[in-house]
Amino acid sequence: MSKLPPDFYERVYALVRCIPLGRVTNYGALARALGADGAARTVGYALNACHSDSSIPAHRVVNRNGLLTGKFHFGGLSAMQQQLEAEGIRVENDAVVDFDRHFWDPSEQTTRAKSSENEPLMSKRL
DNA sequence: AACATGACTATGG
DNA sequence: CCCATAGCCATGT
């Protein structure tokens, strides 16, 4: 079947732009939604290439632990946290509070979620 | 094609 | 919680 297109980065950016305000996701989920399960590192690499582009809410992308691992690329170490808090997301000790509660599964954007709004609280694998 | 890099993830101590 | 190791994948040189 078709493998990963050359515009892998563009897909990452597009998916990141689809992240609802006040929501966050992790690199692995994005990679999986893009059909590149396991390419979580590449997703972060793609965001690094965007170097804090204002059009891309990269601040909503954190690692699977909810840690703001990319905050060092936002110019200020507190810029990423401030942006998240500005959207109603509480950050403590460089980690998103209630990460699983604010977690947004990118698969809901690409796949047909039937009643995704009914049960947004699902134990992933924490 | 080989090597090095990285905003990752999982497991173990 | 902190640190080390291994596996993973796309990109650039």
Side-chain angles (χ1 to χ4, degrees):
Chain A
M1 303 302 277
S2 58
K3 36 193 183 182
L4 297 184
D7 39 21
F8 184 79
Y9 282 19
E10 292 300 323
R11 292 196 171 218
V12 174
Y13 303 147
L15 199 53
V16 171
R17 289 196 187 95
C18 290
I19 301 176
L21 193 150
R23 292 272 197 161
V24 291
T25 187
N26 61 17
Y27 304 93
L30 289 171
R32 192 180 306 115
L34 292 173
D37 184 24
R41 310 187 68 163
T42 312
V43 174
Y45 201 80
L47 289 172
N48 184 18
C50 84
H51 66 89
S52 307
D53 190 310
S54 304
S55 308
I56 305 175
H59 58 273
R60 298 177 188 151
V61 184
V62 297
N63 73 345
R64 74 101 188 159
N65 196 13
L67 298 176
L68 285 65
T69 52
K71 70 175 191 174
F72 296 102
H73 298 263
F74 280 77
L77 298 180
S78 54
M80 187 176 185
Q81 177 175 339
Q82 287 179 0
Q83 286 182 86
L84 287 172
E85 289 182 333
E87 299 182 356
I89 300 177
R90 195 150 64 89
V91 178
E92 197 167 291
N93 194 15
D94 299 338
V96 176
V97 180
D98 295 327
F99 172 64
D100 55 330
R101 191 164 68 87
H102 293 290
F103 180 78
W104 175 77
D105 190 345
S107 303
E108 298 178 3
Q109 185 64 25
T110 55
T111 61
R112 286 297 180 186
K114 0 186 179 173
S115 55
S116 54
E117 297 300 327
N118 271 353
E119 307 168 77
L121 274 173
M122 289 299 296
S123 51
K124 298 296 177 186
R125 35 173 142 47
L126 268 156

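Labels below follow one simple rule: chain letters A, B, ... track the order of the sequence lines, proteins then strands, and each chain is numbered from 1.
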Spacing between [X] atom [atom1] and [N] atom [atom2], to the nearest angstrom:
{"X": "A:Asn65", "N": "B:dT11", "atom1": "CG", "atom2": "P", "value": "13 Å"}
{"X": "A:Asp37", "N": "B:dC8", "atom1": "CG", "atom2": "C1'", "value": "12 Å"}
{"X": "A:Arg11", "N": "C:dA10", "atom1": "CZ", "atom2": "P", "value": "13 Å"}
{"X": "A:Arg41", "N": "B:dC8", "atom1": "CZ", "atom2": "P", "value": "8 Å"}
{"X": "A:His51", "N": "B:dA7", "atom1": "NE2", "atom2": "C1'", "value": "14 Å"}
{"X": "A:Tyr13", "N": "B:dA7", "atom1": "OH", "atom2": "C1'", "value": "12 Å"}
{"X": "A:Asn48", "N": "C:dA10", "atom1": "CG", "atom2": "C1'", "value": "13 Å"}
{"X": "A:Phe8", "N": "B:dC8", "atom1": "CZ", "atom2": "C1'", "value": "12 Å"}

Would the distance check show the side chain of A:Arg17 and the main-chain N or O of A:Ser55 forming a donor-acceptor pair, the cut-off being under 3.5 Å? yes
Are any side-chain N or O atoms of A:Asp105 and backbone N or O atoms of A:Ser107, one a donor and one an acceptor, separated by less than 3.5 Å? yes
Under 4.0 Å: is that the gap between some side-chain N or O of A:Thr69 and OP1 or OP2 of B:dC8?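 Affirmative; the distance criterion is met.
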What does the 5'-to-3' dot-bracket notation of DNA chain C look like when only Watson-Crick and G-U wobble pairs under 3.5 Å count, and pairs to other strands show as |? .||||||.|||||
Can you tell if the side chain of [X] reaches within under 4.5 Å of the side chain of [Y], non-hydrogen atoms only?
{"X": "A:Val62", "Y": "A:Met80", "value": "yes"}
{"X": "A:Leu68", "Y": "A:Leu84", "value": "yes"}
{"X": "A:Leu47", "Y": "A:Tyr27", "value": "yes"}

A:Arg23 versus A:Arg101, closest heavy-atom pair with distance: NH1-O, 4.1 Å
Taking all atoms of both residues into account, what is the closest heavy-atom pair of A:His102 and A:Val97, and its distance? CD2-O, 3.5 Å
Sugar-phosphate, base or nothing in reach of A:Ala46, heavy atoms under 4.0 Å: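 Result for A:Ala46 = nothing.
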What parts of residues 71-81 of chain A reach DNA chain B, counting only heavy atoms under 4.0 Å away? A:His73, A:Phe74
Given C:dT11, B:dC8, B:dA7, identify the nucleotide with an atom nearest to the side chain of A:Tyr9. C:dT11
Take A:Tyr45 and A:Asn93, find for each the nucleotide of DNA chain C with the closest heavy atom, and name the residue whose nucleotide sits nearer the 5' end.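 It is A:Asn93 whose nearest nucleotide is closer to the 5' end.
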A:Trp104 with A:Tyr13, same ILVMFWY side-chain cluster at under 4.5 Å: yes
Verify the cluster assignment for A:Tyr9 and A:Leu30: are they in a single hydrophobic cluster under the rule of side-chain heavy atoms below 4.5 Å apart?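 Yes, one cluster joins them.
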